[in-house]
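For ligands, and for the atoms within them, numbers begin at 1 and follow the listed sequence. Computed from a prediction, not measured in an experiment: that's the story for all the values here.
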Amino acid sequence: MRPATIKTQVSSGGVIFRKTPENTLEIALVAVKDGKVWSLPKGIVEKGEEASDTAVREVREETGLSGRIVEKIGDISYWYYIKEDNAKCRKTVHFYLIEYVSGSTSDHNWEVDAAEWFPLEEALNRVSYKGDREIVRKAKELLLK
Ligand code: ATP
């Protein structure tokens, strides 16, 4: 088989947070891969779109929650294989801290199996990918400072 070609992708996503009436900080996660994997909501940055706008849009589409940007959290990168193209893809994902404004996780879209609020500590244990966990850890630092 010919050697794999290399592709690059850039996505953007968010850690959307709220404080409950009991003063617990919660963030929203989405379940993918038949509900087995919990991750942060994100998606491809479209041509001409600012990464921060992508984050707000993707969070709204995937989780049903609207919010406003507070600040940038950081970036993660990972490689994955695209079988149909026999390509290796290096993906970079920008993450933003987003303050919850309105909406309900019951309005999550078809791209995810579920969207749910979790207390911050529980979310840290729940996220499946190391990169996402690092971003949630940084978000926690920003929120508690
Ligand atoms: P997007 O949500 O940006 O439109 P997508 O759903 O098409 O992207 P990814 O979520 O990047 O694609 O998933 C592609 C592959 O990378 C999958 O095999 C997935 O398991 C893996 N993957 C997703 N997120 C991470 C991560 N944070 N770290 C490592 N691997 C990941």
Should you measure from each heavy atom of [X], which atoms of ligand 1 turn up under 4.0 Å away?
| X | result |
| --- | --- |
| G43 | 1 (P), 2 (O), 3 (O), 4 (O) |
| I76 | 27 (N) |
| D132 | 27 (N) |

Relative to atom 6 (O) of ligand 1, which among E62, Q9, K33, K42 owns the nearest non-hydrogen atom?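 That would be K42.
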Name the closest protein heavy atom to [atom], giving the residue it belongs to and the distance to 0.1 Å.
| atom | answer |
| --- | --- |
| atom 8 (O) of ligand 1 | K91 NZ, 2.8 Å |
| atom 3 (O) of ligand 1 | S11 OG, 2.6 Å |
| atom 30 (N) of ligand 1 | Y78 CD1, 3.5 Å |
| atom 19 (C) of ligand 1 | Y129 OH, 3.3 Å |

Compute the shortest N/O to N/O distance between Y80 and ligand 1 and return yes if it is under 3.5 Å, no if not.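 No; every N/O pair is 3.5 Å or more apart.
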Looking at R18 and E99, is any side-chain nitrogen of the basic one under 4.0 Å from a carboxylate oxygen of the acidic one? no
Check this for me: does any side-chain nitrogen of one of E116 and R126 sit under 4.0 Å from a carboxylate oxygen of the other? no
What part of E58, side chain from CB on, backbone N/CA/C/O, both or neither, has a heavy atom under 4.0 Å from ligand 1? neither
Where does V37 meet ligand 1, judged by heavy-atom distances below 4.0 Å: at the side chain, the backbone, both, or neither? neither
Output yes when a side-chain donor or acceptor of [X] lies under 3.5 Å from a complementary backbone atom of [Y], and no otherwise.
| X | Y | result |
| --- | --- | --- |
| D113 | G35 | yes |
| S12 | A51 | yes |
| D132 | V127 | no |
| T63 | V59 | yes |

Sole residue of V136, D75, I76 in side-chain contact (heavy atoms from CB on, under 4.5 Å) with F95: I76
K72 atom NZ, neighbour heavy-atom count above 12 within 6.0 Å: yes
